[in-house]
Structure formats: C-alpha cells, structure tokens
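Read through the structure below, which is laid out as structure tokens, and then see the notes.
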Amino acid sequence: MIQLKSQNEIAEMKRSGQLLARAHQHIKKMIRPGVTTWEIEEFVNEFLEKHGAIPEEKGFQGYKYATCASVNDEICHGFPNKKPLKNGDIVTIDMVVNLNGAMSDSAWSYAVGEISDEAKHLLKTTEESLYEGIKQAVVGNRLGDVGYAIQKYAEDRGLSVVREFVGHGIGPTMHEDPPVAHYGRPGRGLRLREGMTITIEPMLNIGDWRSKVDDNGWTARTIDGSLSAQYEHTLAITKNGPEILTALDEE
C-alpha cells in the first residue's frame, strides 16, 4: 500500500534529510587513503545520537551497522570494517536516518585519493543518471519514465544498470511500496501522484550488471569484479515538481 504524505509529513522528512546530508558533508571530508569505513561508522553513530536521531539500518533484519560501506566491486550492503581505504579506491556510504519518526535515505560514492579516469567516469555518470531520473519524477509520469531515463543515460555512456536492487517508497517505515527500478520503458508502470515519497538510487557498473552475494548474506558485488557506484536521494512528488529531501538547502 502506498501512503501519500501531507505537507507537514514531508517537512519532517526534509528535516531528517537535512541531517543526513550534513552527515555526508562530514564524511566527504573524512575520505582519504588510510581512513577505515569503521571510523565512518563510528562517526555516523555519534553524529546521529548527538542530534537526537536513530540510524534506522541498525537492527533491520539483523543488520548490525548504522551504515553500508561498499568498496570497489561491492554494489551495496557492504559491512563497515577496519581495513584502511587505499589510494584509487571508490567507496559508497549509504544510511537511513530516523529523526522523530521521519525517515530519509541517501547514498553517495566517494573517490579515495587519486582514482582512474574509468572510475571518474563511473562516479560522474552514476551521479548524473540519478538527476536524470529525478527530472522524470513529476506528477502524472510513470515509474517507467524514471527508470528509462536512468538506463538510457547510463547505457549511452557505456555503463550497465544493476537490476536486482531498486529504490523504494519510504516513510513512515524504511522500505515501502512502490519499488522504483532504475531501468524500464517509458509510459509504463505506476503513475506518480502528489504526496508520494520515494528513493531513487541507481547503481551502475563498469562491466556486467549482474551481481552475486557474499557468504555473509548481505554484501552484493559485481560478478566480474568490475567497479560499481551508487548515488541516492529521497524525494517527494509535489505539484511543483520533485523536491529532494536529502540535499542541503544551500546546495
């Protein structure tokens, strides 16, 4: 069931999203060779506690951490750990913030030191594909319009779109209907309505789009060892167009 949100509920979600975006701003400054994703995990726990928020991922279906930290060929759901990041790595940090019951969800991929031109192309295209999808998230469009825009943008630039993991509705719980695929056909799928709140979170690979899951039952990685990146925003569908809830106002 899809729950349409009131303006007040969307405003509360935006407060949560602003806090999440501020966390990402701090993380961006932390990313460098030698830092560990465990240090980022500890920062997020402390930052959210300081601001009266809850890391909603922690405890979800047995998941133990406040963040997902996915490095290089890991597509999503990587566990934070104490292995230092190396020059040339890319890392995606994904988190869900619960602030007084209002949810927000956002992931960003970061370059560690100097990365290859191929990795730069992956990060740039993945971020741009997110915004191509957001442009289509308007009242009256369909989810297929969102997915098609992302898929075409990525594939025109030589990258593949992960199929197994998709965006979703959000609020008042973390994962709700509808699923939001990052591929599709225009004019197909659920019609977008004012008051819907969703995540769009494309995961693009340099190589094959398919994934495999590690023995831990969580971490998905590319089947061919190629690099993967992800960018994600939470947004509200409004009569004035998509409102991104997980970007800082000054951005």
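Predicted model, so just to flag it, every value in this text is computed and none were measured.
Closest non-hydrogen pair, L99 versus A53, comes out as CD1-CB, 4.0 Å. Residue N98 comes nearest to M103 through the heavy atom pair ND2-CE, 3.4 Å, listed as atom of the first residue, atom of the second, then distance. Taking each heavy atom of I27 and M95 in turn, the nearest pair found is CD1-CE, 3.5 Å. For A102 against S16, the heavy-atom pair with the smallest separation is O-OG, 3.2 Å. The two residues V139 and R193 have their closest heavy-atom pair at CG2-C, 4.3 Å. Among all heavy-atom pairs drawn from V166 and M203, the shortest one is N-CE, 4.5 Å.
In this structure, D105 and H168 have side chains that are in contact, with non-hydrogen atoms separated by less than 4.5 Å. Between T199 and V180 there is no side-chain heavy-atom pair separated by less than 4.5 Å. Contact of the H182 side chain with the I200 side chain is registered, since non-hydrogen atoms from C-beta on lie closer than 4.5 Å. W108 is listed as a side-chain neighbour of Y231, based on a closest heavy-atom distance under 4.5 Å. The shortest side-chain heavy-atom distance between I198 and I170 does not fall under the 4.5 Å cut-off. You'll find the side chain of L48 stays beyond 4.5 Å of the side chain of L20, heavy atoms only. Annotation: side chain of D208 is not in contact with side chain of T222 (no heavy-atom distance under 4.5 Å). A 4.5 Å side-chain heavy-atom check between D224 and N205 finds every atom pair outside the cut-off.
In this structure, F47 and H51 have tilted ring planes: the angle between them lies in the 30° to 60° band. Aromatic ring pairs are classed by plane angle as parallel below 30°, tilted from 30° to 60° and perpendicular above 60°; the pair Y131 and H233 is perpendicular. H26 and F43 have tilted rings, their planes meeting at an angle from 30° to 60° on a 0 to 90° scale.
Within 6.0 Å of CD on E194 lie more than 12 heavy atoms contributed by other residues, nucleotides or ligands. Heavy atoms from other residues, nucleotides or ligands lying under 6.0 Å from NZ of K58 number more than 12. Around CD of E49, the count of heavy atoms belonging to other residues, nucleotides or ligands within 6.0 Å does not exceed 12. Atom CZ of R210 has 12 or fewer neighbouring heavy atoms from other residues, nucleotides or ligands inside a 6.0 Å radius. For R163, the CZ atom is densely surrounded, since the number of other residues' heavy atoms within 6.0 Å is greater than 12.
No continuous path of hydrophobic side-chain contacts links L248 to L235 [ILVMFWY only; heavy atoms under 4.5 Å]. Cluster annotation: V71 is connected to V44 through the hydrophobic network of ILVMFWY side chains, with a link wherever side-chain heavy atoms come within less than 4.5 Å. Residues L192 and Y183 fall into different hydrophobic clusters, defined by Ile, Leu, Val, Met, Phe, Trp and Tyr side chains chained together at heavy-atom separations under 4.5 Å. Residues L4 and I237 are members of one and the same hydrophobic cluster, defined by side-chain heavy-atom contacts under 4.5 angstrom among Ile, Leu, Val, Met, Phe, Trp and Tyr. Under the 4.5 Å side-chain heavy-atom criterion for ILVMFWY residues, no single connected hydrophobic cluster contains both I10 and V138.
Side-chain contact of E12 with N8: a donor-acceptor pair under 3.5 Å is absent, judged by distance alone. No donor-acceptor contact under 3.5 angstrom links the side chains of T238 and E243, judged on distance only.
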Intermediate values then yes/no, side chain to side chain contact (heavy atoms under 4.5 Å, CB included), D145 and R142: CA-CA 5 Å; D145 299 318; R142 295 184 180 272; 3.8 Å; yes
Check against side chain to side chain contact (heavy atoms under 4.5 Å, CB included), V97 and R22: CA-CA 11 Å; V97 170; R22 286 167 54 201; over 6 Å; no
Derivation and outcome, side chain to side chain contact (heavy atoms under 4.5 Å, CB included), residues V112 and V91: CA-CA 7 Å; V112 182; V91 57; 4.1 Å; yes
H24 and I93: CA distance, side-chain angles, deciding distance, side chain to side chain contact (heavy atoms under 4.5 Å, CB included) verdict: CA-CA 8 Å; H24 270 301; I93 305 296; 4.3 Å; yes
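Note that the CD1 atom of I40 and the OH atom of Y110 stand 8.0 Å from one another [nearest 0.5 Å]. Atoms CE and CG, on M196 and D177 in that order, are 9.5 Å from each other to the nearest 0.5 Å. From L227, atom CG reaches atom CG of D73 across 7.5 Å, with rounding to the nearest 0.5 Å. One distance of note links CD1 of I31 with CD of E39; it measures 10.0 Å at 0.5 Å rounding. One finds the CD atom of Q18 at 9.0 Å from the CG atom of L245 (value rounded to the nearest 0.5 Å). Between atom CD1 of residue I244 and atom CD1 of residue I134 there is a gap of 4.0 Å, rounded to the nearest 0.5 Å.
No donor-acceptor pair under 3.5 Å is formed between the side chain of T246 and the backbone N or O of G17. A donor-acceptor distance shorter than 3.5 angstrom exists from the side chain of Q151 to the backbone of G184, with no hydrogens or angles considered. A donor-acceptor contact shorter than 3.5 Å is absent between the side chain of K5 and the backbone of T197. The backbone N or O of N216 lies less than 3.5 Å from no partner atom in the side chain of D214, so there is not a single donor-acceptor pair. When atom types are taken as modelled, the side chain of N141 and the backbone of Q136 share a donor-acceptor pair closer than 3.5 angstrom. Between the side chain of E41 and the backbone N or O of A66, at least one donor-acceptor pair lies under 3.5 Å. With T92 contributing its side chain and A229 its backbone, the two residues share no donor-acceptor pair below 3.5 Å. Side-chain atoms of R191 never come within 3.5 Å of backbone atoms of G189 as a donor-acceptor pair (strictly under, hydrogens ignored). Of the possible polar contacts, one joining the S109 side chain to the Q230 backbone as a donor-acceptor pair under 3.5 Å is found. Here the side chain of S70 pairs a donor or acceptor atom with the backbone of G78 at under 3.5 angstrom.
Among Y63, Y65, F165, F60, the single residue meeting the ring-ring contact (aromatic ring centres under 6.0 Å, His included) criterion with H77 is F165.
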